[in-house]
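Here the structure is laid out as structure tokens; the discussion comes afterwards.
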Amino acid sequence: MYTDLNRIMEIALKDILLSKGKEWLGIDINPSWIQFQPTRKGVRGDITLMVFPFAKALQLTPAEVAERIGKHVKSEVSFVADYEVIQGFLNFVFSKIFWSDQLISINQTDSFGISEPNSKHMVMVEYASPNTNKPLHLGHLRNIFLGYSVAQLKKAHGHQVIKTQVINDRGIHICKSMLAWHRYAPIQSNGERETPANSGLKGDKLVGKYYVEFEKHLQLEVKEVLSRWDAGDFSNTASVTVDKFQELNKALEGKDEKAQAAIYDKIKELAKNETEILRAAKDMLVRWEGRDPETYLLWSTMNGWVYDGFDVTYKRMGVDFDKLYYESDTFLLGKDQVMDGLARGVFYQKPDGSVWIDLTPDGLDEKLVLRADGTAVYMTQDIGTAIERFHDYPALSGIVYTVGNEQDYHFKVLFLILQKLGYTWAADCYHLSYGMVDLPSGKMKSREGTVVDADDLMEEVVNAATVMTQERGQIAELTEDERHNLFESIGMGGLKYYLLKVDPKKRMLFNPEESIDLTGNTGPFIQYTHARINSLLRKAGLIQFDKSALEIEAGEIELIKLLAAFPQTIAEASSNYSPAVLANYLFELTKAYNSFYQQSPILNEINPGLRAARILLSENVAKVLKSGLNILGINAPERM
RNA sequence: GGUCCCGUAGCUCAGCUGGAUAGAGCAACUGCCUUCUAAGCAGUAGGUCUUUGGUUCGAAUCCAAACGGGAUCACCA
């Protein structure tokens, strides 16, 4: 088992300072003065003690204090070989033995950096959960890679993890596609309507096509309704709607452009509800809820197409799920909890029968949790689903929701409600909120056709990787199959790394050209370095060396230090729900190794002790790179 | 307007709970393949960390305000 010597040394130094401090400095040491940090890059030393707090208390200059402490520590602590005082910072230099022992310890640890499986509590990670009316796009890619990677991170950190997604298989959106398909899908020669099987179209793409079709017809009808209204023809229109329309029309006067646009949107909304096609879709939803056999069959057929399509996409992404929650099963959940909460005074009821929660004391608004007609809203469902999950998994301690930051408010409210209902685990639920992915041309908008389709993008990225790898890869010995896998690994690795390397919380820019780059801060750069080490190790296989007689120099120490930081990097990335932390670490390690590789002969080194240390070091760098990439969901090819 | 998030090099991003001279990658320029994979390495150039106050030995980091960008404020999900 690997022991983080760094950490142990820090504790040891702290103990010595506390016990001997008075003797050395003449005053009692306040533990809060003792602040260590890794020594700054480019400065000699391994760990740095801040001496400012001491200097202040002792009324001495930092340099004087540092000198006094340094002298004593050097003479009394075996692993401190030297010390240096620069600008009031006290830098301790650890002995070479210390570092070579560290390397040996890392080497002897099988899954270095990975915590004992299931040593920490169980968490559920929800991600993906797309709507079924449209194919997956770039935004989903960020969501899915992020969620999957956080699940991997939690596992590596010792948690038991349940990966889950909610299948949004009910609601008006799927009815829209169903209706449009029923009305407009061309009849094939065999008498069937268009299906994935007879058209060769991916299921999600096909259903998405009819959703668009629906929207097209809807827009046309809206136009008709509006022009009728403008002409003063309100036949077949409810008087409430007419009043509302005229009211909004009046409100237009004297408003600026922005306010007018908002009002126009509302008018459009009114007109939408007056269209035949939307009414037909709503009827369909009612029939679905009433379990009308024909509607139900169509629904399950078309849903099936979508999931078959999504499965293909997930498979290429390399992600999976342990447990699925179907909205069609869970949409009735939560009502009981709401009624129970109502009885306990957590919620209150308005005269129309709708149920609300007043969150104004918490600085939020009043929020509807159940409609007047007793049907559930989004919030009701989420309350129910969360509770259901804790029933399904009694050992569960928290849920991570990978959902875009436009829902920050929703989750804030959800967690608060759960807490008010008395569920202590609400404190361990976390909204993994990520920023939007923008394009160089701006925001993705389906209406303007600027949405980047997930399947298309993956195809493109793999194609680009194929071209580049055929050009410069060392692939002569690979079979056709192996090549195919390699291109896939490189293309997808580049894409995943590109989306994961930035802080999830932040909005990010997706530059198509950069995403297929193979140089610089990219996935393929790390993969390449891993492959190159493997090539080296294949050749080193023949060389005998003695692992107990290692010799190391400054360059090796720098790398060992980085390797030793792997476990704490995983811990940090896991607790911050940030694969980006890990990605940046891997990049640092890769850069450091490449620099080392370029200036130090490894197999060609004549000094056997040095050569042994360098081979061992290379082996462990490769080990960490592979393990780290795996957590990011990225393959680490043996050669490329 | 209320609430929340963001503002670091031409561009894209790192900078952890305050610490030394603010770092990478891309783009630009200069070098390095008859030694282990050049998808690499070494170097040059590029910064009032949006602004102004405050806290402190010490601020890109913490606090406040202003400015700029975004999200959200549905009986949609």
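Note on naming: letters A, B, ... go to the chains in the order of the sequence lines (proteins, then strands), and numbering restarts at 1 for each one.
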To the nearest angstrom, the CE-C1' distance between A/Met436 and B/rC4 comes to 14 Å
message: Can you check the distance between B/rC6 and B/rU12, where both ends of the measurement are the C1' atom (answer in whole Å)?
response: 15 Å
Taking only nitrogen or oxygen atoms into account, show me every contact under 3.5 Å that the protein makes with nucleotides 32-42 of chain B, one pair per line with its distance.
residue: B/rU35; atom: O2'; partner: A/Asn604; partner atom: ND2; Å: 2.9
residue: B/rU35; atom: O2; partner: A/Asn604; partner atom: ND2; Å: 3.2
residue: B/rC36; atom: O3'; partner: A/Lys539; partner atom: NZ; Å: 3.1
residue: B/rC36; atom: O2; partner: A/Leu603; partner atom: N; Å: 3.0
residue: B/rC36; atom: N3; partner: A/Ile602; partner atom: N; Å: 3.1
residue: B/rC36; atom: N4; partner: A/Tyr597; partner atom: O; Å: 2.9
residue: B/rC36; atom: N4; partner: A/Ser600; partner atom: O; Å: 2.8
residue: B/rU37; atom: OP1; partner: A/Ser535; partner atom: OG; Å: 2.9
residue: B/rU37; atom: OP2; partner: A/Ser535; partner atom: OG; Å: 3.1
residue: B/rU37; atom: OP2; partner: A/Lys539; partner atom: NZ; Å: 2.8
residue: B/rU37; atom: O2'; partner: A/Tyr528; partner atom: OH; Å: 2.2
residue: B/rU37; atom: N3; partner: A/Met640; partner atom: O; Å: 3.0
residue: B/rU37; atom: O4; partner: A/Ala531; partner atom: O; Å: 3.4
residue: B/rU37; atom: O4; partner: A/Met640; partner atom: N; Å: 3.3
residue: B/rA38; atom: OP2; partner: A/Arg532; partner atom: NH1; Å: 3.0
residue: B/rA39; atom: OP1; partner: A/Tyr528; partner atom: OH; Å: 3.3
residue: B/rA39; atom: O4'; partner: A/Arg472; partner atom: NH1; Å: 2.8
residue: B/rG40; atom: OP1; partner: A/Gly520; partner atom: N; Å: 3.2
residue: B/rG40; atom: O3'; partner: A/Asn594; partner atom: ND2; Å: 3.4
residue: B/rG40; atom: O2'; partner: A/Arg532; partner atom: NH2; Å: 3.4
residue: B/rG40; atom: O2'; partner: A/Gln598; partner atom: NE2; Å: 2.7
residue: B/rC41; atom: O4'; partner: A/Gln598; partner atom: NE2; Å: 3.1
residue: B/rA42; atom: OP1; partner: A/Ser595; partner atom: OG; Å: 2.9

Here the pair of heavy atoms bringing A/Lys505 nearest to A/Asn405 is O-ND2, 4.3 Å
Applying the Watson-Crick and G-U criteria (both distances under 3.5 angstrom) with [ ] for crossing and | for other-strand pairs, one obtains for RNA chain B (((((((..((((.....[...)))).(((((.......))))).....(((((..]....))))))))))))....
Expressed as a whole number of Å, how far does the C1' atom of B/rU52 sit from that of B/rA59? 15 Å
| said: Once you apply a heavy-atom cut-off of 4.0 Å, does A/Lys443 come out as touching a base, just sugar-phosphate, or nothing? | reply: sugar-phosphate
Scanning both residues in full, the closest heavy-atom pair of A/Lys134 with A/Phe310 reads O-CZ, 3.8 Å
Are A/Phe89 and B/rG19 stacked, counting the six-membered base ring, centres under 5.5 Å, planes under 30°? no
Near-ring test A/Tyr497/A/Phe587, centroid separation under 6.0 angstrom = no
- Looking only at side chains, do A/Tyr498 and A/Asp517 share a donor and an acceptor under 3.5 Å apart? no
From CG of A/Asp517 across to C1' of B/rC13 the rounded distance in Å is 14 Å
Rounded to whole Å, the CD-P distance (A/Gln35 to B/rC16) equals 15 Å
A/Leu509 CG to B/rU12 C1', in whole Å, measures 7 Å
Assert: residue with more 5' nearest nucleotide on RNA chain B, out of A/Lys412 and A/Tyr498, is A/Lys412
Heavy-atom nearest nucleotide on RNA chain B taken for A/Gln37 and for A/Glu269; more 5' hit belongs to A/Gln37
Taking B/rA20, B/rC4, B/rC6 as options, the one with an atom nearest any side-chain atom of A/Lys506 is B/rC6
A/His431 NE2 to B/rU72 C1', in whole Å, measures 12 Å
Could you give the distance separating B/rA45 and B/rG10 at their C1' atoms, to the nearest angstrom? 12 Å
Between B/rC4 and B/rA66, how far is it from one P atom to the other, in whole Å?
13 Å
Per the O4'-C1'-N9-C4 / O4'-C1'-N1-C2 angle with a 90° window around 0, B/rC33 comes out syn
Using the C1' atoms only, state how far B/rG25 lies from B/rU8, rounded to an integer number of Å.
15 Å
Quick note, A/Glu406 side chain, CB onward, closest among B/rA71, B/rG19, B/rC13 is B/rA71
Exercise for the section: Please measure how far the P atom in B/rC16 lies from the corresponding atom in B/rG47, and state the result in whole Å. Expected result: 23 Å
_Side chains of A/Glu366 and A/Tyr348 only: does a donor on one sit below 3.5 Å from an acceptor on the other?_
yes
Check your understanding: Do the charged groups of A/Asp373 and A/Arg371 touch, with an N to O distance under 4.0 Å?
Key -> no
query = Do A/Ser177 and A/Asn133 get their side chains close enough for a donor-acceptor pair, meaning under 3.5 Å?
reply = no
Taking only N/O atoms, report every protein-nucleotides 75-77 of chain B pair under 3.5 Å with atom names and distance.
residue: B/rC75; atom: N4; partner: A/Asp352; partner atom: OD2; Å: 2.7
residue: B/rC76; atom: OP2; partner: A/Arg371; partner atom: NE; Å: 3.1
residue: B/rC76; atom: OP2; partner: A/Arg371; partner atom: NH2; Å: 2.4
residue: B/rA77; atom: OP2; partner: A/Tyr378; partner atom: N; Å: 3.3
residue: B/rA77; atom: O3'; partner: A/Glu327; partner atom: OE2; Å: 2.7

Hey, mind stepping through A/Ser433 and A/Asp408 against side chain to side chain donor-acceptor pair (under 3.5 Å) and telling me if it holds?
CA-CA 7 Å; A/Ser433 159; A/Asp408 283 356; 2.8 Å; yes
> Taking the six-membered ring for Trp, is the centroid-to-centroid distance between A/Tyr326 and A/Phe331 below 6.0 Å?
Replying inline: no
The residue among A/Tyr401, A/Tyr378, A/Phe415 that forms ring-ring contact (aromatic ring centres under 6.0 Å, His included) with A/His410 is A/Tyr378
### Query
What does A/Asn91 touch in the nucleic acid at a heavy-atom separation under 4.0 angstrom: a base, only the sugar-phosphate, or nothing?
base
task: Measure the shortest side-chain to side-chain distance between A/Tyr83 and A/Glu67 over non-hydrogen atoms and say whether it is less than 4.5 angstrom.
output: yes
All heavy atoms of A/Gly113 vs all of A/Ile570, minimum pair found to be O-CD1, 3.4 Å
- B/rU56 and B/rC75: how far apart are their P atoms, nearest whole angstrom? 48 Å
Separation of B/rU12 atom P from A/Asn511 atom CG, nearest Å, is 9 Å
From CG of A/Leu582 across to P of B/rA14 the rounded distance in Å is 15 Å
Using atom P of each nucleotide, how far apart are B/rC67 and B/rC29 to the nearest Å?
43 Å
Rounded to whole Å, CG of A/Asp503 lies from P of B/rC5 at a distance of 13 Å
Name the nucleic acid region contacted by A/Thr375, choosing base, sugar-phosphate or nothing; use a 4.0 angstrom heavy-atom cut-off, strictly under. nothing
Is a donor from one side chain sitting under 3.5 angstrom from an acceptor on the other, for A/His173 and A/Asn168?
no
Item to complete: Decide yes or no for A/Ile172 and A/Trp288: does some side-chain heavy atom of the first lie under 4.5 Å from some side-chain heavy atom of the second?
Response: no
